[in-house]
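A short worksheet on the structure shown next.
Excluded from the calculations below are hydrogen atoms, water molecules and symmetry mates; all remaining heavy atoms, backbone and side chain alike, are included. All ligand and atom numbering here is 1-based and tracks the order in the structure.
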Amino acid sequence: MLEKLKKSLKEAPVIQKECDGQTYNYFIHPISDGIPETDPAILEEIADFIIKDGKTGGIDKIVTVEAMGIPIATALSLKTGIPVSIIRKRAYGLDGEIELSQSTGYSKGSLFINGLDKGDRILIVDDVISTGGTLLPLLEKLGEAGIDIAGVYCVIGRGSGAEFVKEKTGVDVTVLVDIDVSADGVSVIGGVK
Ligand SMILES: O=P(O)(O)OC[C@H]1O[C@H](OP(=O)(O)OP(=O)(O)O)[C@H](O)[C@@H]1O
Ligand code: HPA
C-alpha cells in the first residue's frame, strides 16, 4: 500500500529552517514541495487510496490549502468529478471572506477562505500535517461557518499534529504515511494499513 510514496519519502533530503529561535528539520519531497518533480503514479496512489476509503460520496467540494495541497486535490477531483475549492494565502476582499492565522514549525501567515457556503459538505486534503497549526484554526473557522466536514486526509504526518487536532476539535485526521524527520533524513514509521 502506497509503496511508491513510502520509497520516495525515504530518499527525501532534509534542511534546517529557523523560526522563533528554533530549528525545524524540513524534509523536501515531491508531494510537499514539488521538488525534484512529482511522479503522477504517486499522486494516483494517493487519490486511489482516498477514494477507496469511501468518504467521497455526497461531497460538494474537495477543499485544500495553497500551495501543495493543490496537486493532490486536483488528482482526486479528476477521478471523482468533485470540484475543488482552494484556501489561499492572499485576500480577495469578497463578501463573506474568512481570514485565519496559520503557523507551522517554520512560518506564520494568514489564510483566506472564499467560495464555501453554509451547509456545504466537504472533504479536506493536504500534503502534510506537522504541528497542526494550519489545520486546527482552519477546522475551527469552518465549524463556525457551518461547513460540514466529511473527512480530512493529510498525506504525510510528522509529529503529533493529527492527535492534537483530534483532541481540540474531535475531528479524525487520516494520515496516509507517518514519518520521523531528523537532521540525518526521513524514516517511515507508520501509516494506514
Ligand atoms: O501542521 P503544520 O505545522 O501546520 O504544517 C502543515 C502545513 O505546512 C505546509 O504548508 P505551507 O504553508 O508551508 O504551504 P505550502 O503548501 O505552500 O508549502 C503544508 O502544506 C500544511 O498546510
Ligand atoms: O518538513 C516539511 N516539509 C515540507 N512541508 C512541510 N509542512 C510541514 N512540515 C514540512
Scan the side chains in residues 138-157 for donor-acceptor partners under 3.5 Å anywhere in the protein, sequence neighbours excluded, and list what turns up.
residue: D148; atom: OD1; partner: R121; partner atom: NH1; Å: 3.4
residue: D148; atom: OD2; partner: R121; partner atom: NH1; Å: 2.9
residue: Y153; atom: OH; partner: D53; partner atom: OD2; Å: 2.6

Heavy-atom nearest neighbour in the protein, as seen from [atom], with distance rounded to 0.1 Å:
atom                    : value
atom 19 (C) of ligand 1 : D127 OD1, 3.1 Å
atom 22 (O) of ligand 1 : D126 OD2, 2.7 Å
atom 4 (O) of ligand 1  : T134 OG1, 2.6 Å
atom 3 (O) of ligand 1  : T131 OG1, 2.6 Å
atom 17 (O) of ligand 1 : K89 NZ, 2.8 Å
atom 8 (O) of ligand 1  : Y106 OH, 3.3 Å

Hey, does [X] come in under 3.5 Å of ligand 1, counting only N/O atoms on both sides?
X    : result
M68  : yes
V128 : no
G132 : yes
T104 : no

**OP:** Mark yes or no for whether D39, through its side chain, and A41, through its backbone, hold a donor-acceptor pair below 3.5 Å.
**Re:** yes
Original post:
Hey, does the side chain of K61 reach the backbone of G115 with a donor-acceptor pair shorter than 3.5 angstrom?
Top reply: yes
**OP:** May I have the step-by-step check of side chain to side chain contact (heavy atoms under 4.5 Å, CB included) for K89 and I87, ending in yes or no?
**Re:** CA-CA 7 Å; K89 292 180 176 171; I87 296 169; over 6 Å; no
So if I count the atoms of ligand 1 from 1 in the order they appear, which ones are less than 4.0 Å from some heavy atom of [X]?
X    : result
Q102 : 10 (O), 12 (O)
A67  : 15 (P), 16 (O), 17 (O)
I129 : 1 (O)

Original post:
Would I72 and I62 satisfy side chain to side chain contact (heavy atoms under 4.5 Å, CB included), going step by step from the backbone distance to the final call?
Top reply: CA-CA 10 Å; I72 300 159; I62 296 163; over 6 Å; no
Show me the donor-acceptor pairs, under 3.5 Å and distance only, between side chains in residues 78-85 and residues at least two apart or in other chains.
residue: K79; atom: NZ; partner: E44; partner atom: OE2; Å: 2.9
residue: K79; atom: NZ; partner: D48; partner atom: OD1; Å: 2.8
residue: T80; atom: OG1; partner: L76; partner atom: O; Å: 2.7
residue: T80; atom: OG1; partner: I82; partner atom: N; Å: 3.2

Original post:
Within a radius of less than 6.0 Å around CD of E11, do more than 12 heavy atoms belonging to other residues, nucleotides or ligands occur?
Top reply: yes
Subject >> Pair listing, salt bridge (Lys or Arg N to Asp or Glu O under 4.0 Å) test, anchored in residues 167-190, at least two apart >> reply: K166-D172
Original post:
Side chain, backbone, both or neither: which part of S103 comes within less than 4.0 Å of ligand 1 when only heavy atoms are counted?
Top reply: backbone
Subject >> Any G161 heavy atom less than 4.0 Å from ligand 1 >> reply: no
Subject >> Separation between OG of S130 and CG of L135, rounded to the nearest 0.5 Å >> reply: 12.0 Å
Original post:
Should N114 and R88 be marked as a side chain to side chain contact (heavy atoms under 4.5 Å, CB included) after you check the CA-CA gap, both sets of side-chain angles, and the distance that decides it?
Top reply: CA-CA 8 Å; N114 283 288; R88 299 296 311 266; over 6 Å; no
Atom pairs, nitrogen or oxygen, ligand 2 to protein, under 3.5 angstrom:
residue: ligand 2; atom: 1 (O); partner: F27; partner atom: N; Å: 3.1
residue: ligand 2; atom: 1 (O); partner: R158; partner atom: NH1; Å: 2.7
residue: ligand 2; atom: 3 (N); partner: F27; partner atom: O; Å: 2.7
residue: ligand 2; atom: 7 (N); partner: Y106; partner atom: OH; Å: 3.1
residue: ligand 2; atom: 9 (N); partner: Y24; partner atom: OH; Å: 2.6

Subject >> Aromatic ring pairing Y24/Y106, orientation class (parallel under 30°, perpendicular over 60°, tilted between) >> reply: tilted
Original post:
Does V181 share a hydrophobic cluster with I15, counting links as ILVMFWY side-chain heavy atoms below 4.5 Å and allowing steps through other members?
Top reply: no
Original post:
Distance only, no hydrogens: is a donor on one side chain within 3.5 Å (strictly under) of an acceptor on the other, for E99 and S110?
Top reply: yes
